[in-house]
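Heavy atoms only: backbone and side chains are in, while hydrogens, waters and symmetry mates are out.
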Amino acid sequence: NAGVMQNPRHLVRRRGQEARLRCSPMKGHSHVYWYRQLPEEGLKFMVYLQKENIIDESGMPKERFSAEFPKEGPSILRIQQVVRGDSAAYFCASSGALETQYFGPGTRLLVL
Amino acid sequence: GIQVEQSPPDLILQEGANSTLRCNFSDSVNNLQWFHQNPWGQLINLFYIPSGTKQNGRLSATTVATERYSLLYISSSQTTDSGVYFCADDSGGGADGLTFGKGTHLIIQP
């Protein structure tokens, strides 16, 4: 029973490049959440998606960030024109009907 | 939205000691969860506990929803218990994003 999968686990980008983070939810889960964790801080909610729908993106920066969860394939968090302040750990979580969220191992993004 | 306060922020204990971590909420508890983030950064689910008491080995948790707090108990601490413990809850009304506390940083010394 595979858990939430994220890739890549580590990503290095230069300022101005694009970062694409992928998340495959647990089998049977239809809710996906993205969180960001800055160094020495707690996790901050970014966006909540269901298949082909963004349900709540209240925590997502208005510019450069976008998320999708297509009918087929993983959920993708995309950061365009990355800046140093985007360096963080990005976690994906998934849940089913019971609403317990299970977290993936995270993607550590480093912007040089 | 809901606000989550955790205490203490830091805790250093000797192996074998017991500890109690607390989480206070500004609003009614909905889908409270406790997590352990190990030194490698992985987030591990400990408890889903919107109310009542649960136990899993040396760990147990109690949520008093009417008073808006939850407690995590760790007994007979081991060095592998080190890491950051987070509690989190959502605002209710369905499967919302979680609001996390700032965590309790626990160090267990041999």
A:Val47 with A:Leu109, same ILVMFWY side-chain cluster at under 4.5 Å: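 Same cluster: A:Val47 reaches A:Leu109 through Ile, Leu, Val, Met, Phe, Trp or Tyr contacts under 4.5 Å.
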
Kindly check if the number of other-residue, nucleotide or ligand heavy atoms within 6.0 Å of [atom1] ([X]) is above 12?
X: B:Arg58; atom1: CZ; answer: yes
X: B:Glu5; atom1: CD; answer: no
X: B:Gln55; atom1: CD; answer: yes
X: A:Gln81; atom1: CD; answer: no

Check: A:Gln101 main-chain N/O paired with B:Asn45 side-chain donor or acceptor under 3.5 Å: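 Yes: the side chain of B:Asn45 pairs with the backbone of A:Gln101.
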
Minimum side-chain heavy-atom gap A:Tyr35-B:Leu98 below 4.5 Å: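 Sidechains of B:Leu98 and A:Tyr35: in contact.
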
Flag side-chain contact, heavy atom, 4.5 Å: A:Phe91 against B:Gln37: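 SC-SC contact between A:Phe91 and B:Gln37 confirmed.
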
Separation of A:Thr100 OG1 from B:Leu32 CG (nearest 0.5 Å):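 Output value for this atom pair is 11.0 Å.
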
Max heavy-atom pair count under 4.5 Å with chain A, selected residue of B:Gln33, B:His105, B:Lys102, B:Gln6: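 The candidate making the most pairs under 4.5 Å is B:Gln33.
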
